[in-house]
Amino acid sequence: MIVPMKEVTLLVYEDEKEEALSALRQWGLLHIKEREIPSGPGLLSLKEEQKIVEEALGIIKSLSLPSRNAPKRRKEENLSLVARRIIDLAKEKETLLSQQKAIEKDAAWYEEWGKVSLADVDYLKGKGIEIVLLRCRRRDLRSLEGLAYTILKKKGGTYLVAVFSEGSFRGVAGCQKEAWPQRSLEEIRREKHNILLRLDAISSEMNSEGELKLQLEAYLKELKRQEEWQRARANFSARDKIAFIQGYIPYDQQKSFSVLAQRHRWGVVISEPEDFSAVPTLVRNPWWIRIIEPVFKFMGTVPGYKEFDISLVFLFFLSLFFAMLVGDGGYGLVFLMASFLLQRKRKAPREFFMLMYVFSIATIIWGAISGTWFGYEKIAQLPFLRCLVVDRLNSFIADNQNFIMYMSFLIGAIHLSIAHLWRAVRFFPSRLSLGEVGWVGIIISVFFLAQKLVLGKALAPFVAYLFSLSLLLVAFFSRAEKNLIRSLFLTLQDLPLKIIGSFSDVVSYLRLFAVGYATVVLAQSVNGMAGEFSLTNVTTSFISALILFFGHALNVLLGIMAVIVHGIRLNMLEFSSHLGMQWQGREYHPFK
């Protein structure tokens, strides 16, 4: 649920401002309301320092050093200077690597053209003899008649030619002039040696500085704490020796805050928020619903304060969509085992692994009732698994496709109807709730229409009456206008497009069938390809195993992509749009 918030105005004597901030930070439950974006040289320098430290930490992470505490002798290092030193070393390394590429390019030139002395070339040029290097094809060699030249090398169909010219050389038709390198062989060897030595020194120094990773991370946290303090301080306004600050607290913390205010003798006003757009959103749910939070964090979405907490509905339907889109109990077992092994080896939020367990079990259940285990029909015919298969959902019976499409439409109609019924409850007893009930009727009507157009089912006679009644409810009760005629006129302006949109939204749930069926077909195809190789010898058995492994691995990856692209979309776009979600909330971030 989205926790109701209370708006707080705190008043203190101006000279007690710092003490009040310390107490508020210690309490750690006040979300400070920023009336304006704080600025100033102190805040800007903190942000700049944070960027430097973050950049240095990014460089350290790229070194793949093991995390460990720094040696005791380095604990007193100036971490700001360390961060800058790491960045300078990284920039120097990048410059040296760029120079090394240029040197290697010149070295490759000598390998192609031979060991030439640039000093001799310059000496001849001083005597009026210029050596010009050309790349010529065989037919272009005729153009060199009358010139002093020698063929140095033949490389495929190209001839490397050196022309000796007195005075300016205008070139030869068809031949490409080659530039001389910038360095001699001796210079190349010397510079390359120096660069390698410096790169080794930089690598050693960066590894040494990288040992301070934990200290730098702690330093970055401290900088962020200082920035938050400065931002809070900037929002503590003062007038006539009285300072005040505003913010928001959860409704169930009023008593705790009042006790805190009495202890410090603050003046406090606690009221209901007036500007809901400024109120932060705090979502508080039982642990078994909180497992969906990693998905919201992945998408970076926060509901508005006066919007809906769709966590429970999102969790249920995304689990169902995951199962139908992946569509294979064998893959569900793979996800289950992978999640178990990763949880033992990796440190990650507990909610993520619990969510993966739910998704995996849902997929295993769907695979069991649809008889799909790695796309191999005979597995589902085993005695224990056979009794779990629901005949109407069996993936290997072609006649079931229409029923699964019907199920997809039904899931869509239920999903979208929940959205409008939820809005109807929110609006009750306002007449707007009748408009939402009308939209439920329209959703049900377009559900039957989708069956007729896609599956060829006859349209029941009551659908026309249901649609007509629903249309009247939507037309007259979808707006809060006092004048019903004006409300009707405003609603009818975009009602046809909304109805068409509702139809397309219901039909879009067909992707559950299409993608899930594609998973089964691809798994069958992989099994068929692997089955074409005999298992009588090691070579063909190995090829068959490779086909099975990579084919099913590809299918699993496509299933994961399908969940991200289609499963999350059905919740975040179709369902959320019918619920009227804008996802423009700001997360509750208390000063602590």
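A cation-pi geometry, defined here as NZ or CZ lying under 6.0 Å from the six-membered ring centre and within 45° of its normal, does not hold between K297 and F352. Both tests do not hold together for R423 against W439: distance to the six-membered ring centre under 6.0 Å, angle to the ring axis within 45°.
In summary, the aromatic rings of Y406 and F513 are positioned with their centroids too far apart to meet the 6.0 Å limit. Close placement of the F296 and F314 rings is indicated, their centers lying within 6.0 Å of each other.
Side chain of S204 to main chain of A201: no donor-acceptor pair is present (N/O by atom type, distance under 3.5 Å, no hydrogens or angles). Formation of a donor-acceptor pair under 3.5 Å by the D328 side chain with backbone atoms of F374 is found in this model. Remark: the backbone N or O of S311 is not paired with any side-chain donor or acceptor of N285 at under 3.5 angstrom. Here the side chain of Y588 pairs a donor or acceptor atom with the backbone of L29 at under 3.5 angstrom.
A donor atom on one side chain and an acceptor atom on the other are not found under 3.5 Å apart for Q50 and Y219. Between the side chains of Y517 and Q401, at least one donor N or O sits under 3.5 Å from an acceptor N or O. Between the side chains of E574 and S508, a donor-acceptor pair is found at a separation under 3.5 Å.
Under the ring pair (Phe, Tyr, Trp, His ring centres under 6.0 Å) criterion, F322 pairs with F335, F359, not counting sequence neighbours.
For E307 and R426, the salt-bridge test fails: no basic side-chain N is under 4.0 Å from an acidic carboxylate O. With respect to the salt-bridge test (charged N to carboxylate O, under 4.0 angstrom), the residues R231 and E34 qualify. Between E228 and K592 no salt bridge is recorded (no basic side-chain N to carboxylate O distance below 4.0 Å).
The number of heavy atoms from other shown groups lying within 6.0 Å of OH (Y376) does not exceed 12. The number of heavy-atom neighbours closer than 6.0 Å to CE of M1, taken from other residues, nucleotides and ligands shown, is above 12.
Annotation: salt bridge (Lys or Arg N to Asp or Glu O under 4.0 Å) contacts involving residues 86-99, sequence neighbours excluded, comprise E92-R198.
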